[in-house]
Amino acid sequence: MTGPYRRPVPSTWWLHNRAYFLFMLRELTSVFIAAYLILLLILLYRLNAGRGAYESYLRFLGAPGMVTFHVIALAAALFHTVTWFNLTPKVLVVRVGARRVPAPIIAGVNYAAWIVFSALVAWIVLRG
Amino acid sequence: MPDPTITLEIFRYHPEQNETPSFRRYEIPYREDWVVLDAINYIKDHIDGTLAYRWSCRMGVCGSCGMMINGTPRLSCAAFLREYYPNPVRVEPLANFPVERDLVIALDDFMHKLREVNPWLIRAHEQPLSDGEYRQTPDEVAAYKQYSMCINCMLCYAACPVYALEPRFLGPAAIALAQRYNLDSRDQGRSQREAVLSSEDGIWDCTLVGECTVACPEHVDPAGAIQRAKLASTIDWYKRVLMPWGGR
Amino acid sequence: MNEISEHDIIVVGGGAAGLRAAIAAVQADPRLDVAIVSKVYPMRSHTVSAEGGAAAVIKPNDSLDEHINDTISGSDWLADQDVVEAFVREAPHELIQLEHWGCPWSREPDGSIAVRPFGGMKIERTWFAADKVGFHLLHTLFQTSLKFETIKRYDEWYGTKLLVENGRCQGIVAIELRSGQVRLLAANAVILCTGGAGRIYPFTTNGAIKTGDGMAMAYRAGVPLKDMEFVQYHPTGLPGTGILITEAARGEGGILVNKDGYRYLQDYGLGPPEPWPRLRAMELGPRDKLSQAFVHETRKGRTFAGPYGDYVHLDVRHLGEEKINTKIPFVRELAHRYAGIDPVHEPIPVRPVVHYMMGGVHTDVSGATPLPGLYAAGEAACVSINGANRLGSNSLTECLVFGARAGRHAAALAAQHPPRDRAALAAQARDEASRIAATFIRKDTGAERVAALRAEMTRAMEEGTGIYRDEASLRKTCDVLRELRDRFPSIRLDDRSLSFNTELIAALELDFMLDVAEAVAHSALARTESRGSHQRTDHPRRDDTRFLKHTLAYRTDAAPRIDYLDVVITRWPPAERVYGR
Ligand SMILES: Cc1cc2nc3c(=O)[nH]c(=O)nc-3n(C[C@H](O)[C@H](O)[C@H](O)COP(=O)(O)OP(=O)(O)OC[C@H]3O[C@@H](n4cnc5c(N)ncnc54)[C@H](O)[C@@H]3O)c2cc1C
Ligand code: SF4
Ligand code: FES
């Protein structure tokens, strides 16, 4: 008698199905977002340290590698946002009588709010 | 033309005979209207009586026949051969559970977790039966009905990578069951379930993979139940911290 | 084997009846320790598949007398009237109890319980939770049972034998599936709640576990099986699989039509077809009449022919998608998955299918069998409220009412702590273990396969004991069953191991089913009249002078011995069964 058999979990488990892979990808996006935040903090620090420091940092950010990084970080942020918004209907259950407000509407409200806020930010930034 | 056949590759493990599992191939007649369970029954009846698995209702409601079919957790009585034909079908016991034998997994852990969430109606005062039923409007029924549809098939556990890596995790169905009672207008026991739900191995272990909901054959949406439990628990926490006089 | 597990009460079976009995026992006497032994985890019990509802008088337009009337005429006067009265009186209480335990019953807009019409009932009184009533009922009971620490469970333990010592039932022998060990469980009282035996037929709504084990165990312990010839065919099963399409589909307004689109029930004394749904008429007539009408339609060549036999159409299209989705969503799901059609747009193909055993272990009104210490309830038992034909939605309620009664009475007996003959019990259990080992595990001879014998048995049952029966076909079936009994010892298993040996369980189930099948066939042969679900073409009349009696079948080494017991008639003298008017 060897008793119940426990199947090992391979370290590559997240490569075995698309959903797990996308999940890992979503988790991975946090790394990019975290890195982006660090760059942003340094930016603030440099700004505080004086004009020269700030401008050299801006040059550093303008380097092709850094631009590539920002593009990736933006994609990651978008991916995270979209997947997250698509999940909100699961968390937020709104009922009108016995009927549940359908998921697309709840997610839709999120997207709408997102567009409005983005437009607002764009307006503030681009105005001046 | 010879009659069509289909191949099943079935996970075999016998605690008295093997240290490790193996796969065995069976070629059987292919029938359009057969589900995987029919195929397995055919093997048991006509080819190999030693194959062990669970089933009963064959109509997707008793919850006993869950298996990994080509890597996906399914009820074998609701997975049709025609979805796979002419390719072979690989059948394994539900993932993330210890295997007793062949396709039979051990569900002690699951049964224990069901009990953990106090899945019964809790009330401060029982109304005597002679006073009749507790009133509950159709809207109030609808508030928890979805979470009461769980057939305990455990497909959601087989789909959950968090449970795979951390078997102590309370898991999707047990949390959905807690929510089923928490959202029932007749119930007053939410605070008693809170300790288990927000314990170390409770709702906060969930990283929102969402595969439990995809796997669930009854549209229980356990992922949703977990997220709602998180939200409710957070709101409770704020209430406690910000309004300690609130009395709850 | 040296372990003995001792309990005050052992309940065999974790379906509606078993769980209700266990809870009633610990509530009656919290000091008692109660064990539930079940061959499957309780939530897998076949109660889970019941769809339509549970009957009890709750609405002001209804009365206990109406429910009693419907039940007695439905039974073709074979039900015991004192028992029916007790049943109808306690039914509302039990369903409200379920409500208080959390059962998600469907509601009226004001929050009170909603009811739907059901076949053979003159007033709508069937409580429902959409169309997964058995599922909700079972899970509610199971979850509630978890609250009681004095209820211990033996999940996936297969009972093989009742232990009788000193004229009392003192426990059971069971196989623990996981280890394959044969164990002794001793108790002051045993309650059999092992469900029905639909699997003795090839085409049934019953799941794989409904193999009549408890009936056979009691039968072997000398307890008679009552009214076994009464086997209910449900008029609407899916051809091929036998999956049930609930009577609620007709309760909500579904109609049955033949291949010409004609509502053929009007030709069989079930009344003029309009307006519908009309209670106790047409599609809401009793199941025996509806299934019999189908056979006549087939003979007239007015049914559809299909690969799995003839069928007719159950049409619910006129109910509309909205109503189908709220009232009978499971019907839609099942038809879609297993018949490949969407009932919103197409009629559902259906044919009669074996559904329910009216007969069972003989008990009195408190669930006690003639063997002291042994009780029975639920589909395994025959108290009897169902007589010759059960009304749909009476049996879930029966499980609750008589489960609770058996639990309470067993508790009273167990509390007296009668002495236990441990040594004798252990010896019996050792013998049982050796028997199982010698007949199945340590045996290399023989060439019979379980599945092959089982197929022959089910075929014989269908041929001889179907909707219509006669002496010649019944005799033939009895002979085939005897021959199968003789061949049974030559069974040879592929699987000789211990752990989770499901082939061994299948063999033991077949052994039990052969006993139950013989009781059915011989009881049917001896009843030379037609009543309810028992229709003899050679004796087409009901014969109250000779057969206003329950059949009692006793096991012998040869054919069963058949005896009779008077039906209890109180206020409702036998009359003609009238429907449709
Ligand atoms: C498809 C379907 C639909 C139905 N719909 C309705 C309906 O709408 N309304 C209605 O009133 N009735 C309905 N019925 C009938 C009703 O569901 C059953 O009669 C009832 O559920 C039987 O319950 P039970 O507790 O007696 O047995 P079950 O629920 O069958 O439970 C039997 C228990 O006994 C255990 N057991 C059996 N043998 C052994 C053994 N050897 N050792 C250990 N344990 C054992 C099993 O594990 C199980 O736990 C329906 C039946 C079917 C099949
Ligand atoms: S939540 Fe769904 S998948 Fe999980 S056990 Fe329940 S029915 Fe099965
Ligand atoms: S056999 Fe019951 S769910 Fe598949």
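All chains are named by letter (A, B, ...) in the order of the sequence lines, taking the proteins before the strands, and each is independently numbered beginning at 1. These values consider heavy atoms only, across backbone and side chains, with no hydrogens, waters or symmetry-generated copies. Just so it is clear, the structure is predicted and the values come from calculations on it, not from any experiment.
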Separation between OH (C:Tyr41) and OG (B:Ser56), nearest 0.5 Å, reads 15.0 Å
Please indicate whether B:Glu126 has more than 12 foreign heavy atoms, meaning atoms of other residues, nucleotides or ligands, lying under 6.0 Å from its CD. yes
Side chain to side chain, B:Met59 and C:Glu51, heavy atoms closer than 4.5 Å: yes
How far does CD1 of C:Ile243 sit from SG of B:Cys57, to the nearest 0.5 angstrom? 8.0 Å
Where on B:Met111 is there a heavy atom nearer than 4.5 Å to chain C: the side chain, the backbone, both, or neither? side chain
Contact origin within C:Glu108 toward chain B - heavy atom pairs under 4.5 Å: backbone
Contact class of C:Arg153 relative to chain B, heavy atoms under 4.5 angstrom: side chain
Given the options C:Lys210, C:Glu156, C:Arg496, which has more heavy-atom pairs under 4.5 Å with chain B than any of the others? C:Glu156
Any side-chain heavy-atom pair of B:Asn152 and C:Arg44 under 4.5 Å: yes
Hey, is B:Arg101 close enough to C:Asp495 for a salt bridge, meaning N to O under 4.0 Å? yes
Apply side-chain contact (heavy atoms from CB on, under 4.5 Å) to the pair B:Glu133 and C:Ile58, showing each step before the final yes or no. CA-CA 10 Å; B:Glu133 73 268 35; C:Ile58 180 105; 4.2 Å; yes
At a heavy-atom distance under 4.5 Å, which candidate from B:Ile151, B:Asp102, B:Asp38, B:Val141 has the highest pair count against chain C? B:Ile151
Does any backbone or side-chain atom of C:Arg337 lie under 4.5 Å from a heavy atom of chain B? Answer side chain, backbone, both or neither. both
Measuring only between side-chain heavy atoms, which start at C-beta, is C:Arg449 closer than 4.5 Å to B:Asp45? no
Heavy-atom proximity to chain C below 4.5 Å, by part of B:Tyr144: side chain
Side-chain touch C:Leu146/B:Pro119, heavy atoms, less than 4.5 angstrom: yes
Does C:His100 use its side chain to pair, donor to acceptor, with the backbone of B:Gln127 at less than 3.5 Å? yes
Among C:Ala451, C:Ser49, C:Ser497, which has the most heavy-atom pairs under 4.5 Å with chain B? C:Ser497
So, the part of C:Leu334 with a heavy atom under 4.5 Å from chain B: the answer is side chain
Would you mind checking which part of C:Phe135 comes under 4.5 Å of any heavy atom in chain B, side chain (CB onward), backbone (N, CA, C, O), both or neither? side chain
Drop me the distance from C:Thr144's OG1 to B:Leu121's CG, to the nearest 0.5 angstrom. 8.0 Å
For the side chain of B:Glu16 and the backbone of C:Ser499, is there at least one donor-acceptor N/O pair under 3.5 Å apart? yes
When the 4.5 angstrom heavy-atom criterion is applied to B:Cys77 and chain C, the contacting part is both
Closer than 3.5 angstrom, by distance alone: can the side chain of C:Gln97 be matched with the main-chain N or O of B:Leu129 as a donor-acceptor pair? no
Check this for me, if you would: do C:Glu99 and B:Arg186 make a salt bridge, where the nitrogen-to-carboxylate-oxygen distance has to be below 4.0 angstrom? yes
Among C:Ala130, C:Gly207, C:Ala455, single out the residue with the greatest number of heavy-atom pairs under 4.5 Å to chain B. C:Gly207
Tell me, side chain or backbone of C:Leu498 under 4.5 Å from chain B's heavy atoms, or both, or neither? both
Is it the side chain or the backbone of B:Arg180 that comes within 4.5 Å of chain C heavy atoms, both, or neither? side chain
Options B:Gly132, B:Ser130, B:Gly60, ranked by heavy-atom pairs under 4.5 Å with chain C, top entry: B:Gly132
Is it the side chain or the backbone of C:Arg454 that comes within 4.5 Å of chain B heavy atoms, both, or neither? side chain
Is it true that the side chains of C:Thr502 and B:Arg54 contain a donor and an acceptor less than 3.5 Å apart? no
Is the shortest side-chain heavy-atom distance between C:His136 and B:Lys145 below 4.5 Å? yes
Are the side chains of B:Val104 and C:Arg178 in contact, using a 4.5 Å heavy-atom criterion? no
So what's closer than 4.5 Å to chain B heavy atoms on C:Asn206: side chain, backbone, both or neither? backbone
Please determine, among B:Leu107, B:Asn41, B:Leu51, the option with the most heavy-atom pairs under 4.5 Å with chain C. B:Leu107
So, taking the atom named CH2 in B:Trp120 and the one named CD in C:Gln143, what distance separates them when rounded to the nearest 0.5 Å? 10.0 Å
In Å and rounded to the nearest 0.5 Å, what is the CG to CG distance from C:Asp494 to B:Asp48? 6.0 Å
Tell me, do C:Tyr308 and B:Asp33 make a side-chain contact under 4.5 Å, heavy atoms counted? yes
Please classify the contact between C:Lys132 and chain B as side chain, backbone, both or neither, with a heavy-atom cut-off of under 4.5 Å. side chain
Test: B:Asp139 and C:Arg107 ion pair at under 4.0 Å: no
Value for CH2 (B:Trp55) from CD1 (C:Ile209), rounded to nearest 0.5 Å, stands at 10.0 Å
So, the part of B:Glu32 with a heavy atom under 4.5 Å from chain C: the answer is neither
